[in-house]
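Below is one structure; the comments refer to it alone.
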Number of protein chains: 2
Amino acid sequence: MSVDKTIFKSVKRQRAFEEISLKIKELIFEGVLKSGDKLPSEGDLAKQFNVSRQTVREALRILELSGLIVVKKGFGGGTVIKNNISGRIVSLLSDAFRMEKVSVDEFTAARLTIERAIFNEAVDNADDRDIENLRENIDRAKNLIAKNEMATDLNFEFHSLLADASKNKVFVILERAINAIHHDIRSRRTADIKTSETAVRAHEKILGALIRKEREKAISMLEQHILTVRKSY
Amino acid sequence: MSVDKTIFKSVKRQRAFEEISLKIKELIFEGVLKSGDKLPSEGDLAKQFNVSRQTVREALRILELSGLIVVKKGFGGGTVIKNNISGRIVSLLSDAFRMEKVSVDEFTAARLTIERAIFNEAVDNADDRDIENLRENIDRAKNLIAKNEMATDLNFEFHSLLADASKNKVFVILERAINAIHHDIRSRRTADIKTSETAVRAHEKILGALIRKEREKAISMLEQHILTVRKSY
DNA sequence: TCACATTTGTCCGTATGTATC
DNA sequence: AGATACATACGGACAAATGTG
């Protein structure tokens, strides 16, 4: 019997900066380096890894583009561990959509699927705290609109809170990506306050259905809501 | 009425290498630089942009991590435009799942959702060529198994081909990510040929249902198939 | 097999910019 | 305002890889 081919993958000799970025990455994944921790300065890292500063810098670029660190210059600056992977995913998805010319319809179809699933899981797994967060989101949005202000960010947040309530981290990640891309699409057209208001009303109904665990009814409302938003583009 | 906050985003002064990477990126998106085109050497780029080679190199690292170029060393080497964005997305999703410690059950739940949606879309949109590719995949897998060899890669490919048939590029990207992560999970346990065989038989039935457009029946088989695989972990 | 040219990979030293104290 | 500790950027050099003649 032949051996699984995949064990031979990637024998390509690594470049020094790749090796270094991988080493630091492992330390982050293992929890040795936690969010907020500061890495040594470029010079120190160069000494420790016994390479030049240029090599260290390229390794840091990789970690930056992987959404694992942020770099600040000036006094007290330096590289700090900070998880921004989902931000990077969003950025790449945007690129992919531009390159592969993904249409808004394709995006909407995928969004419908995922939001449906999220709602279904949320019905089963939402706890009191989730319900409270969702209700608070709606209240704050309504207050803004009463003051004749847009509630865009809160309306996006509603869907993220639903994802939280699903208790599935995959959905949380995917929803974050969807939100960011949706935000990107939306920013290209002029917004009006009426849209915000319509959205909040839909959210309120969806929350009610979630509490009463009315699956079918809520999901068809959710679909309606998403398709209404899509039409406005 | 208050103005949308997002119009003020990112006034952060760009670093030179960011500016350069952005400029090249735009040329790629505009189609001025096409897949297969070779960029000038690092030295030439440094002269043209009037910066040092170090700066150019960091810009190239960004483009590399963005899945837009590949770099080859030595004579006849250099930087070539090549789209590998989805590969990068997959890699980042894997990172995100590791960071957030996504469980196999969470992953399986999300996978079920997406594969169900893919199959549904595939029923509507698959053309003759898709069917042919799926059938060929199964035939080749069966041939391997007849020779007592594993058909792991082909079995993964089957699901990718289904995603292709859905004609939704978002699903194609998501399915690739699922495959990569699944592959990662699977590699941690010993594989046996019986699993390959079971999978191919399931694939064959699913293809049959796809051709006959038997939605419900096929989807429940698909679910069964995915859950069987999950149990083996 | 062996030199050779080209291009990336890596190193060192130095200078400048920048945010905080 | 000035001292500081960083990142950012520059220039020149050599090492390593990789096709070609």
Side-chain angles (χ1 to χ4, degrees), chain A residues 10-25 27-28 33 35-82 84 88, chain B residues 8-25 27-28 33 35-82 84 88:
Chain A
S10 190
V11 287
K12 185 183 118 190
R13 177 125 66 254
Q14 296 230 336
R15 299 170 282 190
F17 60 81
E18 282 177 322
E19 218 173 315
I20 289 171
S21 71
L22 217 68
K23 215 159 239 172
I24 295 175
K25 198 167 157 178
L27 289 176
I28 295 172
L33 292 171
S35 186
D37 287 356
K38 214 168 119 178
L39 252 56
S41 71
E42 293 177 355
D44 284 354
L45 284 172
K47 271 182 216 156
Q48 288 188 41
F49 283 114
N50 200 31
V51 295
S52 73
R53 280 196 53 206
Q54 155 112 356
T55 303
V56 168
R57 282 183 63 78
E58 293 188 41
L60 293 181
R61 284 297 85 70
I62 291 183
L63 294 173
E64 207 176 9
L65 268 288
S66 301
L68 297 173
I69 63 169
V70 288
V71 181
K72 237 180 62 185
K73 43 188 178 179
F75 186 95
T79 64
V80 179
I81 311 290
K82 186 179 173 192
N84 183 35
R88 293 299 316 150
Chain B
F8 297 127
K9 75 177 169 190
S10 189
V11 287
K12 189 183 108 187
R13 179 133 58 256
Q14 296 235 332
R15 298 171 283 189
F17 59 81
E18 281 177 325
E19 218 174 314
I20 290 171
S21 71
L22 217 68
K23 212 158 241 170
I24 296 176
K25 200 168 156 176
L27 290 176
I28 295 172
L33 293 171
S35 187
D37 288 356
K38 212 168 120 178
L39 252 56
S41 72
E42 293 176 357
D44 284 353
L45 284 172
K47 272 182 216 156
Q48 288 187 42
F49 284 114
N50 200 30
V51 294
S52 72
R53 239 191 96 199
Q54 153 144 2
T55 304
V56 168
R57 280 183 64 79
E58 293 189 45
L60 293 181
R61 285 297 84 69
I62 291 182
L63 294 173
E64 206 177 8
L65 267 288
S66 301
L68 297 173
I69 62 169
V70 287
V71 179
K72 233 179 65 184
K73 215 166 124 167
F75 187 97
T79 306
V80 178
I81 310 289
K82 185 179 174 191
N84 185 35
R88 294 297 317 150

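First the proteins, then the strands, lettered A, B, ... as listed; each starts at 1. No experiment lies behind these values; they were computed from the predicted model shown.
Listed nucleotides D:dC6, D:dT8, C:dT10 differ in distance to B:Arg15; the shortest reach to its side chain belongs to D:dT8. Candidate nucleotides D:dA9, C:dT7, D:dA7 were compared by shortest atom distance to the side chain of B:Gln54, and D:dA9 ranks first. Side-chain proximity of A:Phe17 to the nucleotides C:dC11, D:dA7, C:dT10 is greatest for C:dT10.
Per the geometry, NZ belonging to B:Lys47 stands 13 Å off C1' belonging to D:dG11, to the nearest Å. Here C:dT10 presents its C1' atom at 14 Å from CD of A:Glu19, a figure rounded to the nearest Å. Following rounding to the nearest Å, B:Glu18 (CD) and D:dT8 (P) show an atom-to-atom distance of 8 Å.
In this structure, CD1 in A:Ile28 is found 4.5 Å from CG in A:Leu68, a value given to the nearest 0.5 Å. With rounding to the nearest 0.5 Å, the separation of CD1 in B:Ile62 from CD1 in B:Ile20 is 9.5 Å. The structure places CZ of A:Arg88 at 9.0 Å from CZ of B:Arg88, a figure rounded to the nearest 0.5 Å. Taking NZ of A:Lys73 as the reference point, atom CZ of B:Arg15 lies at 7.5 Å (rounded to 0.5 Å). How far CD of B:Glu58 is from CD of B:Glu18: 10.0 Å, rounded to the nearest 0.5 Å.
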Task: Stepwise salt bridge (Lys or Arg N to Asp or Glu O under 4.0 Å) test for A:Arg61 and A:Glu64 - done: CA-CA 5 Å; A:Arg61 284 297 85 70; A:Glu64 207 176 9; 2.8 Å; yes
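At a threshold of 4.0 angstrom between heavy atoms, the contacts of A:Asn50 are confined to the sugar-phosphate backbone, with no base atom among them.
Each of A:Glu58 and A:Gly74 lies near DNA chain C, and the nucleotide nearest A:Glu58 is the one positioned closer to the 5' end.
Taking 4.0 angstrom as the limit, A:Thr55 places a side-chain polar atom (N or O) nearer than this to OP1 or OP2 of C:dC11. Within the 4.0 Å cut-off from OP1 or OP2 of C:dT8, not a single side-chain nitrogen or oxygen of B:Arg61 is found. The side chain of B:Arg57 places an N or O atom within less than 4.0 Å of a non-bridging phosphate oxygen (OP1 or OP2) of C:dG9.
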Under 3.5 Å, which protein N or O atoms sit close to an N or O of nucleotides 19-21 of chain D? Give each pair with its distance.
none

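Scanning atom types as modelled, no donor and acceptor separated by under 3.5 angstrom connect the side chain of B:Arg53 and the base of D:dG12.
Checked by atom type and distance alone, the side chain of B:Lys82 never pairs as donor or acceptor with a backbone atom of B:Val71 at under 3.5 Å.
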